[in-house]
Amino acid sequence: MKKGFYRFLCAFMGAIYAVLYPARVDGVENIPEEGAFILCSNHCSNRDPFYLAIRAKKRYFHFMAKVQLFRFKPLAAIVTALGGFPVDRGHSDLSAIRTALGLLREGHGLAVFPQGTRIKDNSPAPMLDGVSMIALRSGAPVIPAYIGGPYRLFRKTQVSFGPPVSFEGLGRRVDSDTLDKATRRIEAAVWGLKREI
């Protein structure tokens, strides 16, 4: 990540989005001031990582991006500078998981979209278990986030950040039953932030 470029782009895009895609933001205080955290959000548009970065600007975060974005070198350079790293969706990408765990061990923030793909109509599609495995292995707090897409020009979009998801009673054993229960808790926390605006 190149923090200078990250800050510049957030400021530049923030000014544009303030006009084109304004937001009503709440819960920013739930994002930790320091230390590792995992930001889990629904995913309705390619602009979601930038939109969250602008709204959660008190912390930097890295994010998983589909591997196809890294096949065009100029785009790969931009995504990497912004903290993105590749994940091969639809497969057990151990390299992406190792990268995520390494970033969390170093105390960084990580943004994940556990639906695994964009849901353009923002319907509550099931979330995948990958983020639960990362959360249980790392012990990092999971901060749910909700984006009230789809985005519409000049209309306010809700962006909410909730309190950390509780995994009390699950332990840190990573088996299919535990992962499923953890994922359902993350899912409920994300969709529980939906509001009418």
Side-chain angles (χ1 to χ4, degrees), residues 1 27-44 48-49 51-53 55-56 58-67 69-70 79-80 82-119 122-147 159-194:
M1 174 188 289
V28 176
E29 68 278 3
N30 290 309
I31 299 172
E33 296 282 349
E34 57 185 21
F37 69 96
I38 305 170
L39 190 66
C40 284
S41 175
N42 60 313
H43 193 18
C44 51
D48 292 341
Y51 209 70
L52 287 178
R55 307 307 173 189
K58 75 178 193 176
R59 287 292 304 271
Y60 299 105
F61 58 76
H62 296 259
F63 62 96
M64 292 184 179
K66 61 183 179 181
V67 70
L69 296 178
F70 294 84
V79 173
T80 301
L82 291 171
F85 61 95
V87 59
D88 190 357
R89 300 182 305 180
H91 298 83
S92 296
D93 191 337
L94 297 179
S95 176
I97 291 171
R98 284 194 293 268
T99 298
L101 291 171
L103 289 166
L104 293 168
R105 278 195 300 271
E106 294 170 4
H108 296 291
L110 173 69
V112 182
F113 300 96
Q115 288 169 299
T117 189
R118 288 174 294 146
I119 309 296
N122 206 25
S123 58
M127 296 185 177
L128 307 178
D129 290 342
V131 68
S132 297
M133 181 170 61
I134 293 169
L136 293 174
R137 284 188 173 177
S138 68
V142 173
I143 308 300
Y146 175 78
I147 302 171
V159 181
S160 295
F161 303 98
V165 178
S166 172
F167 296 124
E168 185 177 356
L170 296 184
R172 292 177 66 176
R173 184 177 176 183
V174 183
D175 58 30
S176 58
D177 182 60
T178 302
L179 289 175
D180 183 67
K181 289 177 180 176
T183 300
R184 301 290 79 79
R185 293 189 189 187
I186 294 170
E187 196 173 75
V190 169
W191 297 112
L193 294 170
K194 185 175 180 179

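These figures come from a predicted structure and were not determined experimentally.
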In chain order, what residues pass the side-chain contact (heavy atoms from CB on, under 4.5 Å) check against Val67, with sequence neighbours excluded?
Arg71, Pro86, Asp88
Distance-minimising heavy-atom pair for Asp48 and Cys44
OD2-N, 2.7 Å
Quick one, Cys40 with Val165, criterion side chain to side chain contact (heavy atoms under 4.5 Å, CB included). Give me CA distance, side-chain angles, the key distance, then yes/no.
CA-CA 10 Å; Cys40 284; Val165 178; over 6 Å; no
In sequence, state the C-alpha distance, the side-chain angles, and the governing distance for Leu39 and Phe161, and then conclude on side chain to side chain contact (heavy atoms under 4.5 Å, CB included).
CA-CA 9 Å; Leu39 190 66; Phe161 303 98; 3.7 Å; yes
On a heavy-atom basis, the closest approach of Arg55 and Val28 is O-CG2, 3.8 Å
Run the side-chain donor-acceptor check on residues 97-113: report pairs under 3.5 Å with partners two or more places apart or on a different chain.
unit_1	atom_1	unit_2	atom_2	d
Thr99	OG1	Ser95	O	3.0
Glu106	OE1	His108	NE2	3.3

Any residue meeting side-chain contact (heavy atoms from CB on, under 4.5 Å) with Ser176, in chain and number order, not counting sequence neighbours
none
Spatial distance of atom CZ (Arg59) from atom CD1 (Ile143) [nearest 0.5 Å]:
10.0 Å
Is there side-chain contact between Thr183 and Leu128, with at least one heavy-atom pair below 4.5 Å?
no
Val142/Phe167 under side chain to side chain contact (heavy atoms under 4.5 Å, CB included): CA gap, chis, key distance, verdict:
CA-CA 9 Å; Val142 173; Phe167 296 124; 3.8 Å; yes
Before you tell me yes or no, could you show the steps for Tyr146 and Asn122 under side chain to side chain contact (heavy atoms under 4.5 Å, CB included), namely the whole-Å CA-CA distance, both residues' side-chain angles and the distance that decides it to 0.1 Å?
CA-CA 10 Å; Tyr146 175 78; Asn122 206 25; 3.1 Å; yes
Distance col, row Ile186:CD1 vs Ile38:CD1, nearest 0.5 angstrom, shows 7.5 Å
For a quick test of reading the model, state the closest non-hydrogen atom pair linking Ser41 to Pro114 and the distance between them.
O-CD, 3.3 Å
Closest non-hydrogen atom pair, Phe85 against Ala96
CE1-O, 3.6 Å
Output all residues satisfying side-chain hydrogen bond (donor to acceptor under 3.5 Å, both in side chains) with Ser160, sequence neighbours left out; order by chain, then residue number.
Asp26, Gln158
If you take all heavy atoms of Pro163 and Pro144, which pair is closest and at what distance?
O-CD, 3.1 Å
Closest non-hydrogen atom pair, Thr178 against Leu170
CG2-O, 3.8 Å
Which residues pass the side-chain contact (heavy atoms from CB on, under 4.5 Å) test with Ala53, not counting sequence neighbours?
Tyr6, Cys10, Phe61
Taking the side chain as every heavy atom from C-beta outward, state whether Lys194 and Asn42 have any pair of such atoms under 4.5 Å apart.
no
Kindly compute the distance separating CD1 (Ile147) from CG (Leu52), expressed to the nearest 0.5 Å.
4.0 Å
Once side-chain contact (heavy atoms from CB on, under 4.5 Å) is applied, do any residues pair with Ala125, and if so which ones, sequence neighbours excluded?
Gln115, Ile119
Enclosure of Glu34 CD (heavy-atom neighbours >12, cutoff 6.0 Å):
no
dist Ser132:OG -> Arg184:CZ (nearest 0.5 Å) comes out at 8.0 Å
